[in-house]
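Along the sequence shown, the residues carry numbers beginning at 1. For clarity, every value in this text was computed on a predicted model and none was experimentally measured.
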Amino acid sequence: MAKSATTRKESLLASVTRRWQEHGLGWRKVATVAAAVVAMGLGYHVMFGQNGLTAYEQKRQEARALNRQLQSLQRENELLKNHVDRLQSDPNAIEHQAREELHYTRPGEVIYTMPDAPGKPAKTP
């Protein structure tokens, strides 16, 4: 049974080969066309595949944006740490914060507040 399947494949291959030769197609031309098709398929996959050059470039841009965001957050974190350190150690910083946010005053002081500029929402304490 295995021999008959092999014989059928060989006869099919021989008939295909005969047809190619009748139409002027030789093995070299067929192999060249097949190689060109494979090369084009690989080229397409390299450019547009799941991990192709376009996906790689998108990931690089995303990585750059995330690095910029990380640097910005690190700077902000450093500023906040410095502010916390000042509030923990400097009485003047504590007083400034209390005056700014809570509108505290010393005895005898008067606070004058200016109206907000038009178009800006009013601050609420």
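- Between the CZ atom of Arg75 and the CG atom of Leu70 there is a distance of 10.0 Å, given to the nearest 0.5 Å.
- We find the CZ-CD1 distance between Arg86 and Ile94 to be 11.5 Å, quoted to the nearest 0.5 Å.
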Under 3.5 Å, side-chain donor or acceptor atoms of residues 43-62 against the rest of the protein: list the pairs with distances, not counting sequence neighbours.
unit_1 : atom_1 : unit_2 : atom_2 : d
Thr54  : OG1    : Met47  : O      : 3.2

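- You'll find the side chain of Gln69 stays beyond 4.5 Å of the side chain of Ser72, heavy atoms only.
- Distance check: Arg106 CZ to Glu95 CD gives 4.0 Å after rounding to the nearest 0.5 Å.
- The two atoms that bring Thr32 and Arg28 nearest to each other are OG1-O, 2.7 Å, heavy atoms only.
- With a 4.5 Å cut-off on side-chain heavy atoms, Glu76 and Gln71 do not count as touching.
- Note that CG of Asp116 is 10.5 Å distant from CE of Met114, once rounded to the nearest 0.5 Å.
- With respect to His83, the side chain to side chain contact (heavy atoms under 4.5 Å, CB included) criterion is satisfied by exactly one of Leu87, Leu79, Asp85: Leu87.
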